[in-house]
Visitor: 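Here's a structure for you.
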Number of protein chains: 2
Amino acid sequence: MKEQTNKPTDAELRILRVLWQRGPSTVREVYEELHRDRPVVYTTVLKFLQIMTEKGLVTREDAGRAHVYHACGSEEQAQRRLVENLLDRAFGGSAQKLVLQALTARKASAEELSEIRKILDELEGGA
Amino acid sequence: MKEQTNKPTDAELRILRVLWQRGPSTVREVYEELHRDRPVVYTTVLKFLQIMTEKGLVTREDAGRAHVYHACGSEEQAQRRLVENLLDRAFGGSAQKLVLQALTARKASAEELSEIRKILDELEGGA
DNA sequence: GATTTATAACGAAACTTTTCGTACTCTAAA
DNA sequence: TTTAGAGTACGAAAAGTTTCGTTATAAATC
């Protein structure tokens, strides 16, 4: 498996999201899922899964006639990398500014806000 | 000025960051700044500023022989759009998850953390 | 006025990402 | 054994992004 510092492209990320949500899936399953939202062709999905296999974003496993694809690494790891990337590209590394924008961009529920408080407590406790 | 729903590309974002930091600048000024960090050619920067003018990401103004370029919209607006974009592309719209990743990705200082608490207070107060 | 210098304009090459058509393979049904 | 169906493999076109060389222009200097 290759080093996985690669940032997935938009199309790749769409596919990864399906794999995270559904778990290991065949091309057809990923295709069906994506097809709900946008007009996309079976072989396009297949092609991407092949590319992503080369890049080490997914692995595959034989299952009878078809292949079953697994996302490499967890959703959280990938999200982490994307956040770090955005942090560097657009926020000069300031997590605070990013958090501010995230919280004002989307209304979070009361529960979510208190979850975030808990995280803050833990971070302050640890430091 | 065009509608500004365009997501800037990586190279465009690098240039916008210079304009946000320095304020309105000539091509040469942007070039000098970028040139510190990476090998880049004057005409490449010029080309991008021309493209970005067409896209409505920047405006320009004549100042004698040269042009002075202004970023369209504030840094915060652009950052907001980028966060919303990431939220949709990778976090299923959950600001909470993004905040969690941001806070664990980068150690925030104690002051920053308490700034974030203030924001939380305001959000809960308003709701 | 001619030459140098700093700039803008433009086009195209190089590269990346995305999309899709076509060919090939295997299996199972007719 | 042939045919139909579901799958993979592959190549190349289409679209988008990035880079840079060349040319044109106008001002400053000689």
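Below, chains carry the letters A, B, ... as their sequence lines are ordered, and counting in each starts from 1.
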Visitor: Looking just at side-chain N and O atoms, do B/Glu54 and B/Gln50 make a donor-acceptor pair shorter than 3.5 Å?
Guide: no

Visitor: Salt bridge check: are A/Lys7 and A/Glu12 linked by an N-O gap of less than 4.0 Å?
Guide: no

Visitor: Given C/dT16, is OP1 or OP2 found less than 4.0 Å from the side-chain N or O atoms of A/Thr9?
Guide: no

Visitor: Enumerate the protein-to-nucleotides 25-30 of chain D contacts in which both atoms are nitrogen or oxygen and the separation is below 3.5 Å.
Guide:
none

Visitor: Can you tell whether the side chains of B/Asp88 and A/Arg17 come within less than 4.0 Å, N to carboxylate O?
Guide: no

Visitor: If you compare every side-chain N and O of A/Arg60 against the phosphate oxygens of D/dG7 (OP1, OP2), does one of them come in below 4.0 Å?
Guide: no

Visitor: Salt bridge or not for B/Glu84 and B/Arg81, using N-O below 4.0 Å?
Guide: no

Visitor: Using a strict 4.0 Å threshold on nitrogen-to-oxygen distance, state whether B/Glu124 and A/Arg117 make a salt bridge.
Guide: yes

Visitor: Using a distance-only test with no angle check, is there a side-chain donor-acceptor pair under 3.5 angstrom linking A/His70 and A/Glu61?
Guide: yes

Visitor: What integer distance in Å separates B/Ile51:CD1 from C/dA9:P?
Guide: 13 Å

Visitor: For the pair made of NZ in A/Lys7 and P in D/dT17, what is the distance, rounded to whole Å?
Guide: 12 Å

Visitor: What is the distance, rounded to the nearest whole Å, between atom CG of B/Asp62 and atom C1' of C/dA9?
Guide: 14 Å

Visitor: With a 4.0 Å heavy-atom cut-off, tell me which residues in residues 17-38 of chain B come close to DNA chain C, sorted by residue number.
Guide: B/Val27, B/Arg28

Visitor: Expressed in angstrom and rounded to an integer, what is the separation of A/Ile15 atom CD1 from C/dT19 atom P?
Guide: 9 Å

Visitor: Check B/Ala66 against B/Thr26 and note the closest heavy-atom contact, atom names and distance.
Guide: CB-CG2, 4.4 Å

Visitor: Please give, in whole Å, the distance from D/dT17 C1' to B/Glu54 CD?
Guide: 14 Å

Visitor: Salt bridge (Lys or Arg N to Asp or Glu O under 4.0 Å) between B/Glu32 and B/Arg22: does it pass, once the steps are laid out?
Guide: CA-CA 12 Å; B/Glu32 299 285 3; B/Arg22 297 194 80 264; over 6 Å; no

Visitor: Look up atom OH in B/Tyr31 and atom OG1 in B/Thr43, then write down how far apart they are to the nearest 0.5 Å.
Guide: 9.5 Å

Visitor: Check whether any side-chain heavy atom of A/Gln96 sits under 4.5 Å from a side-chain heavy atom of B/Ile116, and report yes or no.
Guide: yes

Visitor: So if I take every side-chain heavy atom of A/Ala11 and compare against C/dC10, D/dT8, C/dT18, which nucleotide ends up nearest?
Guide: C/dT18

Visitor: Taking only Lys NZ, Arg NE, NH1 and NH2, and the carboxylate oxygens of Asp or Glu, determine whether A/Arg14 and A/Glu33 approach each other closer than 4.0 Å.
Guide: no

Visitor: What is the separation between atom CG on B/Asp10 and atom P on C/dT16, rounded to the nearest whole Å?
Guide: 13 Å

Visitor: To the nearest angstrom, how far is B/Asn6 atom CG from D/dG16 atom P?
Guide: 11 Å

Visitor: Which parts of residues 39-49 of chain B get close to DNA chain D, meaning a heavy atom less than 4.0 angstrom away?
Guide: B/Val41, B/Thr43, B/Thr44, B/Lys47, B/Phe48

